[in-house]
Amino acid sequence: MREKFGNVVVSRWRRSGMASRTSLFCLAWLGVGTAVLVLLLTSHTQPQVRREKGRADGSSSVVEMAAPATSVVVLDRGNNTTCTVNLHGATVVSWRVNNQEQLFVSKQAIFDGKRAIRGGIPIVFPQFGPWSTGPQHGFARICRWELKKPPERLPTGDVEAMFQLLDNEFTRSMWNYPFSLTYRLILREKELHFNISVYNPGAETLSFTFLLHTYFKVPDVRRCQITGMRGCTYIDKTREGTLYQEHRDVVTINEWTDRIYQNTPLEHIITNVVSGRKMRMQKYNLVDTVVWNPWIEKAKEIPDFGEEEFPNLVCVEAGHVSSPVILPPGTVFEASQILQVM
Ligand code: TA6
């Protein structure tokens, strides 16, 4: 810009050049300063979260926490109906139906990517209970699973996602067999569907037990009733594993309860779950049902569990545990569970 200042013009330019270089310099520093400020601000308000872009239809988001210990996958069906899965154990840590949480997760639960998560739906495989070559309830609930298929909205409006665990050095150090464990979840309006398949790609027959260790959130476990156990035999782990037969139409819980009901029917109804509603559990190829509540004394022995929390959960766990699944080479074990809020 030529202005009639003689060399001033130049200098303005120059000055203006100088001025513009100085202001550019300041602007640049201002920019850097602002960026740092924003970074600082955002890093404090939402620590440790980097949200990857969700699908256009909003059916999903993958949230990666800074520590690789915790990655969660959110299936979002809309209408405040979501299912959140932690890749640590492919543990469902939340199932909200119209914004009502259906699952119990302890306030003392530890998310360190090492321990099993105390609550939600941990997956028990390949060993239910104490294990000579590995941790109680097996390694599936303490392994990091792969997100095989990110959440996708189906033509029905439901949202589906798939998770997978393959044998690795860690699993083979306890159970030296190749396997492929796949877990497909479908989030429906008032239902959550679980489809499990275990494939044996190896040359030897596999023998394992499997269970979905579901922690249902309840206002007061003393008011819950569980149907479908009448006539079934059960192993009572509170009485040295003695075998008994259930004579009641509905099972109620008013003390430490830890029972493996054998050959149970395909369906159970649990009453007085969240907001007094009923929960239907339907299961296929999961022949047993474990019922557990640690009550007062046992609750004190569990480090990642609040002593006062025992009234607010009931574990009703569909599984194949009282006898092992025998899986010859090249074959697949398939099982499923449907939870429905009634
Ligand atoms: O499924 C019931 C049960 O086997 C109980 O015996 C109790 O040990 C519970 O599981 C919790 O086990 P965990 O290994 O998660 O502490």
Side-chain angles (χ1 to χ4, degrees), residues 86 88-93 103-143 174-175 194 196 208-218 221 224 226 228-229 232-244 246 251 253 255-264 268 270 281 283 286-307 309-325 335 337 339:
N86 192 310
H88 180 63
T91 310
V92 175
V93 288
L103 301 175
F104 167 91
V105 174
S106 171
K107 295 187 189 68
Q108 316 294 330
I110 297 167
F111 294 86
D112 62 359
K114 295 189 180 66
R115 312 189 53 130
I117 294 170
R118 180 59 66 193
I121 309 178
I123 296 171
V124 170
F125 174 87
Q127 172 72 29
F128 174 77
W131 193 19
S132 54
T133 58
Q136 152 129 319
H137 290 337
F139 51 61
R141 64 178 183 164
I142 58 172
C143 281
M174 295 168 270
W175 198 60
F194 307 75
I196 300 107
F208 61 85
T209 48
F210 178 91
L211 175 126
L212 294 171
H213 200 300
T214 308
Y215 290 73
F216 291 102
K217 183 178 179 174
V218 296
V221 67
C224 291
I226 308 162
M229 309 300 183
C232 296
T233 55
Y234 65 91
I235 298 167
D236 191 335
K237 289 165 77 171
T238 70
R239 289 184 275 182
E240 288 81 46
T242 311
L243 205 61
Y244 295 89
E246 182 60 66
V251 167
I253 296 173
E255 58 183 353
W256 171 35
T257 302
D258 193 353
R259 299 175 174 192
I260 305 173
Y261 285 94
Q262 302 172 317
N263 300 316
T264 50
H268 300 294
I270 310 163
M281 171 189 281
K283 55 191 180 72
L286 297 171
V287 293
D288 306 309
T289 309
V290 173
V291 177
W292 179 61
N293 184 288
W295 217 248
I296 301 166
E297 293 316 314
K298 284 289 172 190
K300 292 178 183 152
E301 297 169 16
I302 306 174
D304 55 350
F305 187 81
E307 288 180 26
E309 292 182 311
F310 74 89
N312 302 126
L313 80 137
V314 63
C315 283
V316 182
E317 311 157 25
H320 197 301
V321 294
S322 54
S323 62
V325 174
Q337 170 180 265
L339 298 179

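Counting convention: from 1, in listed order, for ligands and their atoms alike. FYI, the numbering just counts along the sequence from 1. All values derive from a computational prediction rather than experimental measurement.
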Start with the C-alpha distance between Thr214 and Phe194, add both sets of side-chain angles, then the distance that settles side chain to side chain contact (heavy atoms under 4.5 Å, CB included), and finish with yes or no.
-> CA-CA 12 Å; Thr214 308; Phe194 307 75; 5.9 Å; no

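Separation of atoms NZ (Lys300) and CD (Glu307) is listed at 6.0 Å; rounding is to 0.5 Å.
Note on ring orientation: taking the six-membered ring where Trp is involved, the planes of Trp175 and Phe125 are perpendicular (angle over 60°, cut-offs 30° and 60°).
Scanning for salt bridge (Lys or Arg N to Asp or Glu O under 4.0 Å) contacts around Glu301 gives Lys298, with sequence neighbours left out. Every residue two or more places apart in sequence or in another chain was checked for a salt bridge (Lys or Arg N to Asp or Glu O under 4.0 Å) with Glu255, and none qualifies. Every residue was checked against the salt bridge (Lys or Arg N to Asp or Glu O under 4.0 Å) condition with Lys237, not counting sequence neighbours, and none meets it.
Closer than 4.0 angstrom to ligand 1 by heavy atom are Arg118, Phe128, Gln136, His137, Arg141, His213, Lys237, Asp258, Val290, Trp292, Glu317, sorted by chain and number.
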